[in-house]
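Everything numeric here is computed off the predicted structure, so don't read it as measured data.
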Amino acid sequence: MFLGTHFQRLDDKGRLLLPAKFREELAGGLVITRGQERCLTLFSTREFETVHEQLRAAPMTSKDARDYLRVFLSGASAEQPDKQGRFTIPQILRRYASLDRDVAVIGMGNRAEIWDSALWEEYLADTEQGFADRTDEVIPGVF
């Protein structure tokens, strides 16, 4: 399970050193792609296969579904971390998420997200109070 916030730096080659707590789960490979709010979403290969199976159920007649799949899958890149736990984030994805040097890797349970550190701090500042003040159920049956 991916948990926590980890501040990392991209090296000059666009490589990211995975947080130590994530390395074992991702040692067999990972898939990185575009996420919402201009972050990147990182899955273990196994989890991405599960997500892909769910995506295959999307109706081909739905323009919204086709648009989503095109953006999501056209940016997907299968990567293999090296022995130090580094992998390269493709330039097209670094550009999408405005990644330059300092990044925040945040755990999202079955996946992780990679944000530009400044954008993550801004997003968190904008949404934390709403989280603290929420009185309605956001996830039915859970919270």
D100 atom CG, over 12 foreign heavy atoms within 6.0 Å: no
Interatomic distance, CG@N110 vs CE@M1, rounded to 0.5 Å, equals 9.0 Å
Can you hop from L124 to W115 via hydrophobic side chains spaced under 4.5 Å? yes
Please answer whether the main-chain N or O of L30 pairs with a side-chain N or O of T45 as donor and acceptor at a distance below 3.5 Å. yes
Taking atom CD of Q91 as the centre, report whether more than 12 heavy atoms of other residues, nucleotides or ligands fall under 6.0 Å from it. yes
Value rounded to 0.5 Å, distance of CZ in R9 from CG in D102: 4.5 Å
Minimum heavy-atom separation for P81 and A27, please, with both atom names. CD-O, 4.4 Å
Side chain proximity check, Y123 to R38, heavy atoms < 4.5 angstrom: no
Nearest 0.5 Å, please: how far is CG in L18 from CD in Q84? 11.5 Å
Would you say L42 and E47 make side-chain contact, with heavy atoms under 4.5 Å? no
Taking side chain as C-beta onward, heavy atoms only, is E25 less than 4.5 Å from R46? yes
If you compare all heavy atoms of L17 against all heavy atoms of R86, which two are closest, and at what distance to 0.1 Å? CD1-CG, 3.8 Å
Distance, nearest 0.5 Å, that separates OG1 of T127 from CD of E122: 10.5 Å
With a 3.5 Å cut-off and no angle check, do the side chains of R101 and S117 form a donor-acceptor pair? no
State whether the side chain of E53 and the backbone N or O of F48 hold a donor-acceptor pair below 3.5 Å, judged by distance alone. no
Within the side chain of T33, is there an N or O that forms a donor-acceptor pair under 3.5 Å with the backbone of F72? yes
Do L40 and V31 share a hydrophobic cluster, counting only Ile, Leu, Val, Met, Phe, Trp and Tyr and linking them when any side-chain heavy atoms are less than 4.5 Å apart? no
Cluster overlap F22 with L16, hydrophobic side-chain contacts below 4.5 Å: yes
I'd like to check F87 versus L26 (side-chain heavy atoms, cut-off strictly below 4.5 Å). Are they in contact? no
Scanning both residues in full, the closest heavy-atom pair of F2 with A112 reads CD1-N, 4.2 Å
For I89, does its backbone N or O pair with a side-chain atom of R94 as donor and acceptor, under 3.5 Å? yes
Between the CG atom in D126 and the CD atom in E37, the distance rounded to the nearest 0.5 Å is 11.5 Å
Single-linkage hydrophobic cluster, 4.5 Å side-chain cutoff, L73 and V51 together: yes
Just verifying a value: how many Å separate W120 CH2 and C39 SG, rounded to the nearest 0.5 Å? 9.0 Å
Over all heavy atoms of both residues, which pair between I32 and P90 is shortest? Give the atoms and the distance, please. CG2-CD, 4.4 Å
If every non-hydrogen atom of S74 is compared with every non-hydrogen atom of V71, which pair is closest and at what distance? OG-O, 3.5 Å
Quick one, R95 and I92 - any side-chain contact, counting heavy atoms below 4.5 Å? yes
Test R70 against D67 for side chain to side chain contact (heavy atoms under 4.5 Å, CB included), laying out the working first. CA-CA 5 Å; R70 285 176 183 138; D67 289 347; 3.6 Å; yes
For R23, is the CZ atom crowded, meaning more than 12 foreign heavy atoms sit under 6.0 Å from it? yes
State yes or no: do Y96 and I114 share one hydrophobic cluster built from I, L, V, M, F, W and Y residues joined by side-chain heavy-atom distances below 4.5 Å, directly or via other members? yes
